[in-house]
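Note: hydrogens, waters and symmetry copies are ignored here, and every other heavy atom, side chains too, is used.
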There are 2 protein chains.
Amino acid sequence: MAKKEVKAIDSSTEERIKLAAHKLFAQKGYAGTKTRDIASEAGINLALLNYYFRSKEKLFELIMREHIQQFFQGMFQVLNDENTSIQQKIETLVGRYVDTLMLQPDIPIFVLSELRNSPMNLADNIQKNMQIKNSYFMKQIKEGIANGTIDNIHPVQLMSNLISLTVFPFIANPILKTIHGIDQEQFNTFMLERKKLIPLWIAEIIKPKTTFNK
Amino acid sequence: MAKKEVKAIDSSTEERIKLAAHKLFAQKGYAGTKTRDIASEAGINLALLNYYFRSKEKLFELIMREHIQQFFQGMFQVLNDENTSIQQKIETLVGRYVDTLMLQPDIPIFVLSELRNSPMNLADNIQKNMQIKNSYFMKQIKEGIANGTIDNIHPVQLMSNLISLTVFPFIANPILKTIHGIDQEQFNTFMLERKKLIPLWIAEIIKPKTTFNK
DNA sequence: GCAAACTTTAATCACTTGTTTAAATCTTTT
DNA sequence: AAAAGATTTAAACAAGTGATTAAAGTTTGC
């Protein structure tokens with residue numbers, strides 16, 4: 001009689017554990033998160049964690065893969081849209097990341113700091129989700145360079161600039177706020193302004209330079 | 001007397017522990033580093049850690065402060081040099097950070113990820129070491145904007161761009177290498193190229209825009 | 001309604017981890 | 001050389017931690 005479906009999926013025990021783990025792992029990292037904290041945060045008995053996910057590590061890997069997928073999946077679509085210009089793609093990417101990260105600012109530093117030591121091979125996972133090298137965006141860049149529409153720049157450098165300018169301020173948030181003496185609200189305003197500015201800056205960077213002397 | 005000084009400072013037990021802790025904390029974070037690992041890495045008995053530093057946390061705070069100091073101290077000098085141009089300061093800063101981080105690539109993500117949760121107030125520490133807001137560099141920027149020598153840009157945005165473009169690739173190193181299928185050597189070449197390019201990009205960003213249509 | 005399967009609980013195990021203690025060894029002072 | 005102090009060691013403690021177990025509760029299919 002489908003009594004299971006009465007429970008909303010989001011409030012099922014399994015999902016509650018995942019949500020709690022998601023939150024704590026992102027906040028405190030793998031080693032800093034204790035299974036009892038997850039259980040307590042999810043409002044469940046400790047043994048259930050192992051019942052549903054076998055082990056802390058299995059649960060972690062699951063959540064980690066979801067993070068990486070979520071973090072990268074949007075990019076793939078945007079970069080391979082054959083109906084948008086380079087500039088439009090840049091605006092969309094920056095806009096999406098800023099919006100997402102304003103809601104979940106802990107994700108980048110969590111993923112990147114765990115990725116450093118994690119024995120599990122996430123390379124495969126990323127590789128599958130991201131074929132940036134062969135994306136339509138990269139093709140557009142190369143064409144632009146050939147045409148002289150945009151300045152000669154290595155596509156990897158361009159992508160790095162895009163992501164650096166967008167993501168790094170979230171990672172450096174505590175230092176930024178301290179150094180410049182601003183609060184969280186001012187930081188958000190700051191990032192919303194960057195959402196508009198970064199595409200303009202990138203445009204300047206890739207604009208072809210007419211090299212005549214003075 | 002002064003028989004203590006016979007031992008080279010670098011090989012004293014206390015220094016060996018600090019060095020080992022430095023390495024492991026940067027690599028695995030606070031929670032991920034075990035006191036026994038530090039002892040083993042330093043080649044000492046476990047109890048010595050507590051004998052010299054009272055506790056794991058005390059040792060951590062000490063090392064953390066040193067990292068932050070090292071990380072920021074150079075910036076202060078560069079930004080307040082009254083004999084260099086804006087462009088020269090940018091070149092020096094980028095150059096120094098790239099060189100430093102190529103040798104110690106783990107530091108930024110370690111410091112930033114620990115800074116997030118750390119109960120200790122590092123704000124004071126940073127505040128003292130960094131008075132960026134009132135630096136000579138900031139004065140130069142504001143003058144440049146007033147003169148029309150450089151484009152109207154919020155100095156905080158400019159600083160963020162500088163640090164983002166320089167530091168973030170080191171943080172995202174594992175993803176960068178995976179996505180673009182390059183190895184550590186190619187990554188270093190990539191960063192050396194950025195060392196030259198970032199100042200040029202910044203120059204483009206702050207160059208005054210003559211807004212006539214087409 | 002009832003047996004089988006699924007879900008949840010409390011208690012416990014085995015191991016890890018930060019810290020301490022008391023004794024041993026080395027160094028310095030007298 | 002002996003006393004005093006500094007350094008180092010092995011052993012152990014107490015709390016924390018990931019995982020398991022066996023039993024109780026709940027739902028599902030017939």
Side-chain angles (χ1 to χ4, degrees), chain A residues 1-64 110 114 117-120, chain B residues 1-64 110 114 117-120:
Chain A
M1 284 144 199
K3 284 159 200 167
K4 270 277 190 58
E5 281 75 356
V6 172
K7 287 184 184 176
I9 295 175
D10 292 357
S11 69
S12 76
T13 302
E14 192 175 347
E15 201 61 26
R16 286 228 311 287
I17 298 174
K18 258 171 69 177
L19 232 67
H22 180 104
K23 176 180 166 185
L24 293 182
F25 279 140
Q27 228 168 71
K28 303 164 178 256
Y30 177 77
T33 302
K34 311 303 171 190
T35 51
R36 281 167 179 81
D37 297 342
I38 298 176
S40 149
E41 171 81 24
I44 54 132
N45 185 287
L46 174 60
L48 280 183
L49 190 151
N50 293 306
Y51 174 72
Y52 280 109
F53 302 98
R54 302 257 319 153
S55 73
K56 178 190 177 187
E57 200 178 339
K58 288 272 200 314
L59 174 57
F60 174 76
E61 288 191 15
L62 184 76
I63 287 175
M64 190 70 170
F110 161 63
E114 297 295 345
N117 305 316
S118 188
M120 74 176 176
Chain B
M1 297 120 206
K3 284 155 200 168
K4 274 269 190 59
E5 282 75 353
V6 172
K7 283 186 187 176
I9 295 174
D10 292 359
S11 69
S12 76
T13 303
E14 192 174 347
E15 201 60 26
R16 285 227 313 286
I17 298 174
K18 258 171 69 176
L19 231 69
H22 180 103
K23 176 180 168 184
L24 293 182
F25 279 139
Q27 225 168 72
K28 302 166 179 259
Y30 178 76
T33 302
K34 312 305 173 188
T35 52
R36 280 166 179 80
D37 297 342
I38 298 177
S40 149
E41 172 80 25
I44 52 130
N45 184 284
L46 173 59
L48 281 183
L49 190 153
N50 294 66
Y51 174 72
Y52 280 109
F53 300 97
R54 302 247 331 145
S55 72
K56 178 190 178 187
E57 202 178 338
K58 288 274 199 310
L59 174 57
F60 173 76
E61 289 191 16
L62 183 77
I63 287 174
M64 190 70 169
F110 162 63
E114 297 295 345
N117 306 317
S118 188
M120 73 175 177

Q | Base D:dG16 paired with A:Arg36 side chain (donor-acceptor, <3.5 Å) | A | no
Q | A:Thr35 side-chain N/O to D:dG18 phosphate OP1/OP2 under 4.0 Å | A | yes
(Q) Taking 4.0 Å as the cut-off, does a side-chain nitrogen or oxygen of B:Thr13 come that near to OP1 or OP2 on D:dT7? (A) no
Q: Kindly indicate whether the side chain of A:Lys18, heavy atoms from C-beta on, has any atom under 4.5 Å from the side chain of A:Phe53.
A: yes
Between [X] ([atom1]) and [N] ([atom2]), how many Å, whole number?
X	N	atom1	atom2	result
B:Glu14	D:dT7	CD	P	9 Å
A:Glu61	D:dG18	CD	P	16 Å
A:Lys28	D:dT17	NZ	P	10 Å
A:Arg54	D:dA19	CZ	P	10 Å
B:Leu59	C:dG18	CG	P	11 Å
A:Ile38	D:dG16	CD1	P	18 Å
B:Leu24	C:dG18	CG	P	12 Å

[options]: which one has an atom nearest the side-chain heavy atoms of [X]?
X	options	value
A:Asn45	C:dT17, D:dT8, C:dA10	C:dA10
B:Tyr51	C:dT19, C:dC6, D:dT8	D:dT8
B:Leu48	D:dT20, D:dT8, D:dT17	D:dT8
A:Lys56	C:dT20, D:dA19, D:dA12	D:dA19

**Q.** More than 12 heavy atoms from other groups under 6.0 Å of NZ on A:Lys56
**A.** yes
Q.
Check this for me: A:Lys23, atom NZ, are more than 12 non-hydrogen atoms of other residues, nucleotides or ligands nearer than 6.0 Å?
A. no
**Q.** Nearest-nucleotide comparison on DNA chain D, the residue closer to the 5′ end among B:Tyr52 and A:Asn50
**A.** B:Tyr52
Q | First encountered from the 5' end of DNA chain D, between B:Ile44 and A:Ala47 | A | B:Ile44
Q: Answer with base, sugar-phosphate or nothing: what part of the nucleic acid does A:Phe53 contact at a heavy-atom distance below 4.0 Å?
A: nothing
Q. When all nucleic acid strands are considered with a 4.0 Å heavy-atom cut-off, which category describes B:Leu49: base, sugar-phosphate, or nothing?
A. nothing
Q) Knowing that exactly one of A:Leu49, A:Thr33, A:Thr35 qualifies, which makes a side chain to side chain contact (heavy atoms under 4.5 Å, CB included) with A:Leu59? A) A:Leu49
(Q) Consider side chain to side chain contact (heavy atoms under 4.5 Å, CB included). Of A:Ile44, A:Leu48, A:Ile38, which one does A:Arg16 pass it with? (A) A:Ile44
Q. Does B:Ala31 or A:Gly43 map to a spot on DNA chain C nearer the 5' end, using the closest nucleotide for each?
A. A:Gly43
